Amino acid sequence: MSVVKTLYDHLPDGTPVHLFTITNNNEVSAGIITRGATLNSFVCPDRDGNMGDIIMGFDSIAGHLASGTYTGEIIGQYANRIGGGKFTLSGKEYDLTKNENGKTCLHGGGEFSSAIWKAIIIDDNAVEFSYHSPDGKEGFPGNVDVTVTYLLTDRNELEIRYRAVPDRETVINMTNHAYFNLGTTANGDVLDHELMLNCEYFTPTDEDDIPTGEIRSVKGTAFDFTQPKKIGQDIGADDPQLIKCRGYDHNFCVSGESGQLRPVAKVSDEKSGRKLEVMSDMPGVQLYVANFLDGSEMGKDGIALQKHYGFCLETQFYPDTPNHPEFPQCTFQKGEKFESVTIFKV
Ligand code: BGC
């Protein structure tokens, strides 16, 4: 087990960005950079023992800065969307940065994902990233002290632990926005990957991709992944929910008790023989299949990132929860800790 710190790159203003590479005793490794506490690589063997990087990322900071895809980044203060870019807490309305079509707040206005995080090596297999979110940043109330710890075990589990403590009542929803491709992006899209989701319901969305409030059964729909199914099997189905999003871009409700670590998803790629298991204690998971990539962004090794070249499983509170009292709640009081864990096991 080891953690190695290197200089990754510099921001245009000269600020250094560091890379922490955690390697376990199986030579599996995770690379995380301090900008956005971004998971920029996750290298693991295929069935023949050939190592390959199973997530999208970039070779230099220019790629991250030019990208609008939140690739591998930690997103917050509120991951996913808040409808109308506003919400009310204890009778007070908060106006947020409307960074999507001037209408909605997406991924907290990009705050956590574009920050330079402080990092310390806390063990021979773990790095802790921390960030202070000032009161009112992107419109969110409260100073919030945030830490995200990446830990890699010899069971090939990459564990991401989230912790945030506000100094007044606020909303918190954090996740990692990694795009996985178990065959590596050098080998094309993920439509042949088999996906199983521990989710019997999902939250359909309106024309602004905001949940309508309906909790819809997946039974008999293209959204049914309760048994392993190719991601591509129904992605082009004649379903208005899929047509408007060009594929899956939806929150699924994870079965079982939220707050308890439980299985979320299993993915396998027949061609490479690689598998991924996801576990989390969060109530929801956004399945997004890189529907809006169009080849204009160059990923690692100069590979153009095309539509469906990756899938995201963003464990989280449901989108727009601050405006949906019927959803599992994401409001935290002064001094109340938000704590959560998600594990990606290869
Ligand atoms: C959203 C997509 C969005 C993407 C941006 C995902 O979490 O669900 O709608 O395009 O983030 O990279």
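The shown structure was predicted, so the numbers you read here are calculated from the model rather than taken from an experiment. Remember, it's 1-based here, ligands and their atoms both numbered in the order they're listed.
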Task: Numbered atoms and elements of ligand 1 in range of Tyr179, under 4.0 angstrom, heavy atoms - done: 12 (O)
Open item on the list: Tell me whether ligand 1 is touched by Asp209 - counting only heavy atoms on the residue side and a distance under 4.0 Å.
Closed with: no
TODO: Report the distance from atom CH2 of Trp117 to atom CD of Glu73, rounding to the nearest 0.5 Å.
DONE: 11.0 Å
- [ ] Taking only Lys NZ, Arg NE, NH1 and NH2, and the carboxylate oxygens of Asp or Glu, determine whether Asp224 and Lys219 approach each other closer than 4.0 Å.
- [x] no
Task: Contacting atoms of ligand 1, where contact means under 4.0 angstrom from a heavy atom of Tyr70 - done: 5 (C), 12 (O)
Open item on the list: Using a 4.0 Å cut-off to any heavy atom of Thr69, which atoms of ligand 1 qualify?
Closed with: 12 (O)
Open item on the list: Going by the closest heavy atom to atom 6 (C) of ligand 1, which one wins out of His250, His177, Arg246?
Closed with: His177
Task: ligand 1 contact on Tyr248 by region, counting heavy-atom pairs under 4.0 Å - done: neither
Open item on the list: Is it the case that the ring center of Phe180 lies less than 6.0 angstrom away from the ring center of Phe344?
Closed with: yes
Task: Test item: side-chain donor near acceptor, Ser217 and Glu200, under 3.5 Å - done: no
Open item on the list: So, 4.0 Å and heavy atoms of Gly68: is ligand 1 close enough to count as a contact?
Closed with: yes
Open item on the list: Considering non-hydrogen atoms of the protein only, which is the closest contact for atom 10 (O) of ligand 1, and what is the distance?
Closed with: Tyr288 OH, 3.5 Å
Task: Residue, atom name and distance, where the atom is the protein heavy atom closest to atom 9 (O) of ligand 1 - done: Asp249 OD2, 2.4 Å
TODO: Anything under 30° is parallel, anything over 60° is perpendicular, the rest tilted; go ahead and classify Tyr288 against Phe292.
DONE: parallel
Task: Between Thr170 and Gln77: side-chain donor-acceptor atoms closer than 3.5 Å - done: yes
Task: For atom 7 (O) of ligand 1, the option (of Arg81, Gln286, Glu314) bearing the nearest heavy atom - done: Glu314
Open item on the list: Tell me whether Lys244 is salt-bridged to Asp209, with the criterion being a basic N under 4.0 Å from an acidic carboxylate O.
Closed with: yes
